[in-house]
Amino acid sequence: DMVTNGTMITDAPLDGLEPDEALIIRYGRELLEPPQIVRDATVDAVRARWGDKGLLELTAVMSVYVMNATILRAMDHRAGPEARLLTKRG
């Protein structure tokens, strides 16, 4: 997924990714983006690939990143001047 002008673009195609990568991204999109509805087929695919433990761990990892981003945003934390930026700042 990409960031353009500060806006996340999350409907980028998953073509060209490894099947596991595409599944992780699809699950994350459904879990975290409005309307935040994870399809049964997606959960079943994650569970079939990594089991119940893997489904739980993938969800937990994504949740930790969301929590960290929320805290950084609330505290208005910004990267230092020497930091390598991943996207252009405008």
Side-chain angles (χ1 to χ4, degrees):
D1 295 344
M2 317 179 326
V3 176
T4 303
N5 297 327
T7 302
M8 182 68 78
I9 300 171
T10 58
D11 59 352
L14 302 178
D15 303 339
L17 297 177
E18 294 296 320
D20 285 351
E21 295 169 330
L23 178 57
I24 291 167
I25 291 170
R26 187 170 65 247
Y27 177 67
R29 287 176 176 175
E30 292 178 16
L31 180 67
L32 301 172
E33 295 175 1
Q36 295 174 314
I37 298 171
V38 182
R39 296 178 306 125
D40 289 342
T42 303
V43 172
D44 292 345
V46 171
R47 187 176 279 125
R49 176 64 181 94
W50 294 291
D52 285 333
K53 183 178 182 216
L55 175 62
L56 175 66
E57 289 174 350
L58 182 57
T59 305
V61 166
M62 290 181 181
S63 299
V64 168
Y65 277 99
V66 169
M67 179 190 66
N68 288 339
T70 302
I71 291 169
L72 293 173
R73 213 170 28 252
M75 302 306 295
D76 196 28
H77 179 77
R78 298 178 189 265
E82 73 288 349
R84 182 179 145 260
L85 301 178
L86 301 177
T87 59
K88 290 183 179 181
R89 303 295 164 113

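Just so we're clear, the structure is a prediction, and the values are computed from it rather than from any experiment.
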So [Y] and [X], do their side chains get closer than 4.5 Å, heavy atoms only?
X	Y	answer
L58	R49	no
W50	L23	yes
E21	I24	no
Y27	M62	yes

Check L31 against Q36 and note the closest heavy-atom contact, atom names and distance.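 Of all heavy-atom pairs spanning L31 and Q36, the closest is O-CG, 3.6 Å.
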Of all the heavy-atom pairs spanning R26 and T42, show the shortest one and how long it is.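 That would be NE-OG1, 3.9 Å.
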Rounded to the nearest 0.5 Å, how far apart are CD1 of I25 and CG of L14?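 That separation rounds to 5.5 Å.
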Hydrophobic cluster membership, L32 vs V64, 4.5 Å side-chain cutoff: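 Not linked; separate clusters.
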Look at the side-chain heavy atoms of Ile, Leu, Val, Met, Phe, Trp and Tyr, link any pair under 4.5 Å apart, and say whether V43 and V61 land in one connected group.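 In one cluster with V43: V61, no.
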Non-neighbouring partners of D15 that pass salt bridge (Lys or Arg N to Asp or Glu O under 4.0 Å), sequence neighbours left out: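 By the salt bridge (Lys or Arg N to Asp or Glu O under 4.0 Å) rule, D15 matches no residue at all.
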